[in-house]
Every structure is written in structure tokens, then in C-alpha cells.
Amino acid sequence: MTRRPLQLARKGPIATITLANSAGGNRIDETVAQEIREAAETVAAAPDVAVVVVGARGADFCRGGADDRATRVDWAGALAAIPQPVIAVLQGEVADEGAELALIADIRLCARTARFRFGQVATGRLPSSGATQRLPRVVGRMRALDLLLSGRWVRALEAVRIGLVAEVVADSRLKRRAGALAHDLAKKGPVALRYVKEAVGAGLELTLAQGIRLEQDLYVLLQTTEDRGEGVRAFLEKRRPRYRGR
Amino acid sequence: MAETEPAVVYEKHGAVAEVVLNRPRFLNAYNVAMRDGLYEALTAIRDDPEVAVVVIFGNGRAFCTGGDLREFGGAPSPTEARAIRWERDVWGTLWSLPQLTIAGVHGAVVGGGFEMMMLCDQGVAARDARFSLPETSLAMIPGVAGTQTLPRLTGLSTALALTLSGEAIDAPRARELGLVQQVVAPAALRDRTRRLACRLAQIPAELRRPLKRLVSSSLDYPLAAGLAIERRLAMAAG
């Protein structure tokens, strides 16, 4: 069996999507783009997946796209439509389409040696997988323009300082830290995780008053779930809750 | 057991109003009595033209640990809860106060307590303050606007990380993220917060009020619309 350039693995409530063409710098070609889209649609449709981890084999997370054909597949849209929290685990080069892929995740962890670059403009292209829209929402407008116009490399410590990643960890600890975070999230209320993601993500598109309405409606909707009652009971009885995702 | 002390203490010192959360035995967990006390104090402040600045403190070891889960069992149906939430809109009242608001926080600043701070205009934190939004552990989401205020303060990335993971941050990190503007020694918290309040109270009302309104609503408008409103208000003030 030949190894596929993209792998999707399930372990209990955690689904892991892995870029596995490390020899080719995990570049996103048309095949990989297609497979990212299928994997994203699979996990999005799986009610018992609570958390999604996106990572890569090899020295570099992803050095970018392979050619123009890959952009015909809306892999980024499919990833962004995943309702569960997505953790990106980043090492080495996180460049161009690779950086755009990372931006779609909700929580980005990176190794101390990771470096980031939005080099599309420097090579005569426009970003097409979300960078012009997501980057300003993550780091602010002026920083986003700096990174997109210059195409310069951003090292891990700057990345965490400007909010491009949530956390930097030693290279040797990256996988372990990502696993611990995924397990930690998987212990929380799975519907609550989806709703937090929805309220935070959708809320930024709304006025504050509209966003607060959305938050409150989701808050009240959660009161009708079994998990909500279990969460409060477990807290008062000082024991671990058992959530069932309903 | 009935609580004899009021859940919220309200005092006025000239132009500065102090609202103090006062359920120290319960780490100032937010319950119905506190909601009613806050609503009363905040609506009185809203209608009091003498008050220029409001500070919020918590008595005891913690600023506020969020909703009092002991009262969650007796909550009305979700539809009733929703109706009550908008009938006595404590948080909307706090957010839209014409006065400047400062939270002076220490110890546990958790859930609704953390969110209350983010509805204020400025934050001063004691060095021992720890901030977290642990709702997802309880199969809940933040319900005091935290999913909306946090991303507007820190950007999307940090907001998602904090709300999804529930991980706590300390006072220096909160300052880095722009969530509080000063970190002070715990013993100096009230003094330093009051000093800031007095300084802000010196700003003339005809500047203080429109400035707050402009900045608070800035992210609700496309830039061009916000600039037009700014210009209009500046002309009116000048």
C-alpha cells in the first residue's frame, strides 16, 4: 500500500489530520487539496468527534501550495466549516498556503524553531485561501499588511507576541503538548466547545449587541442539553463530569 | 441560609461611585441577590449626572468567581431564563453607562467575573489576580458577553484559545493582552484604582462621554461611518 499524502486518524473523540508528504515539504497540490476537503467534511459530519488536530510529518509543517491547480479546490473553506475546535500543531516552515491553513485553526501551537511567512505577494500572487481576511482579524490590520506586503519570515517568539500563535513550546515537547491540549478539550462539553467556537467566530462579524444576542441564545440553548445538567451536578458533587454530547 | 449582608454595596464619593461585590464567603459568586443589587446600583448611577467614573471591586479573597452554581438547580425554564435576562439587563446597563467604568480586580477573576471586567472601560489588576473562562468544562459557554468582548480586545486567536481551553492567565499576561492597563501590589489595589478614577473624573464630561461612546461603538461600524460620527461629535463638542 502506498502511503497517502494526507492521513485522517480517529482515536476516541479526537480526530487527527496529518500532512504526510514530508519529502515534498508537505506542499498542497491538487490531490492533497482534495483530500483535505474530504477529511474536513468527514470530521465535520462526525458527531462523536469533539476535537480536531491538524499536524504534519517531517521537518516542515507546509511550505505552501504546489501549483495553481490546487487553488481550484476549496480546501480552506471545508476546513473553516468544521464546527469542532481545531488545533494546529506547527513546526519548521509554515509558509504561504501552509500559513493560510494554520490560520484557519482555532488554537495554534508551534515549536520554538517554527517560522511563518505569507510570501504570496512577494512571488507575484494574491493569497487565495483566506490570509487577507483572517490575518487582520488575528494580528490586527497594520501587522497583517506588514506580513503580507513584505513576505518576511516571522519567528516563533514574534508569532506568539503578536497573537499569530497561542503558544510556543520546545520542539521536543510539541507533540506531547498538543496531545495533552486535545485530551483536555475532549473532556469538556462537546456541544459547548462547538458553541463557543460559533459565538466567538460569528460574533466578530456582528455588532457587539448582535453578538451578545447570539451568545445568549446559544447559552440558553445549552440549558436544554443533558450535558449542562451533568456539568453543574458534577461540579457540586466534586467529581468528573461524563458528557455525552447531547 | 439567608445572607444578612447586602450582596452589593454602593457608595458615592463625589464624582466617583464605588460598587463593591459583597459575598466574600462565596468568593463573590454571582447570584440572584447580586444581580438585583447590581441592577439597582447601575441604574441609579446611569441616572446620576454627578457621577463621572464608576469603580467595581470585590470584597474578600476573590474579585468574582462567576455564576453561583448552587442556584442553577432552581433556575426557571430556559425560555423564562431568557426573558428575565433581557428584562433586567444588568450587563447591557453596565456596558452602556455614560460614565467611565473601571474594574479593580484581585484573586480569582473567573467566568462571569472576568466577563464583567471586560465590559468595563479600564482594568486594574492586583498582582495575585488570575483570569479564566472555565465554562466549557461545565458544558456551558460564557454568558456575560465574554465570547464577544474578548476577541474584540485580544484578537481572534487568543480569544479562541482562552474560551475553548479554559486555561488561566496571570496579571502580567492580562496586561500584555490589553485586558488590564495596570498591575499593582495587592495591598495597593483600591488606592491605585481610586487614583485612576479621580484622574479620569477630571476630564470634562463633554469630552469624556462622547469619547467613550465613539471608542466603544467603533468596531460596530464600517470605518467610514465611524469616522463620520467622530467628526460630527467633534464639531458638536468644539
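Hydrogens, waters and symmetry mates are skipped; everything else that's a heavy atom, side chains included, is used. Chain identifiers are assigned alphabetically (A, B, ...) following the order of the sequence lines, protein sequences preceding nucleic acid strands; residue numbering begins at 1 within each chain.
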Practice task
With a 4.5 angstrom heavy-atom cut-off, could you sort out which part of Glu167(B) is near chain A: side chain, backbone, both or neither?
Solution key: side chain

Handout entry: Side chain / backbone / both / neither for Arg85(B) at chain A, heavy atoms under 4.5 Å
Key = side chain

Problem - Close approach to chain B in residues 109-119 of chain A, criterion heavy atom under 4.5 Å - result: none

Practice task
Would you give the length of the straight line joining atom CD1 of Ile107(A) to atom CG of Leu164(B), rounded to the nearest 0.5 angstrom?
Solution key: 5.0 Å

Exercise for the section: With chain A as the partner chain, list the residues of residues 141-150 of chain B whose heavy atoms fall under 4.5 Å from it, by residue number, and write 'none' if nothing qualifies. Expected result: Ile141(B), Pro142(B), Gly143(B), Val144(B), Ala145(B), Gly146(B), Thr147(B), Gln148(B), Thr149(B)

Exercise for the section: Report yes or no: does Lys197(A) contribute a side-chain atom to a donor-acceptor pair with the main-chain N or O of Leu160(B) at less than 3.5 Å? Expected result: no

Fill in the blank from the handout: From the list Leu177(B), Leu156(B), Thr136(B), the residue making the most non-hydrogen contacts under 4.5 Å with chain A is Thr136(B)

Practice task
Identify which part of Val191(A) has an atom lying under 4.5 Å from any heavy atom of chain B, answering side chain, backbone, both or neither.
Solution key: neither

Exercise for the section: Give a yes or no answer on whether the side chain of Tyr243(A) reaches the backbone of Ser137(B) with a donor-acceptor pair at less than 3.5 Å. Expected result: yes

Fill in the blank from the handout: When the 4.5 angstrom heavy-atom criterion is applied to Trp86(B) and chain A, the contacting part is side chain

Exercise for the section: Check whether any side-chain N or O of Ser157(B) sits under 3.5 Å from a backbone N or O of Val138(A) as a donor-acceptor pair, and report yes or no. Expected result: no

Completion exercise
The interface call for Leu185(A) against chain B, heavy-atom contacts under 4.5 Å, is side chain

Completion exercise
Turns out that what part of Arg108(A) lies under 4.5 Å from chain B's heavy atoms comes down to side chain

Exercise for the section: Please flag which part of Leu218(A) lies under 4.5 Å from any non-hydrogen atom of chain B: side chain, backbone, both or neither. Expected result: both

Completion exercise
The interface call for Glu167(A) against chain B, heavy-atom contacts under 4.5 Å, is side chain

Practice task
Quick one: do Trp95(B) and Ile212(A) satisfy side chain to side chain contact (heavy atoms under 4.5 Å, CB included)? Show the steps, please.
Solution key: CA-CA 11 Å; Trp95(B) 171 254; Ile212(A) 291 173; 5.7 Å; no

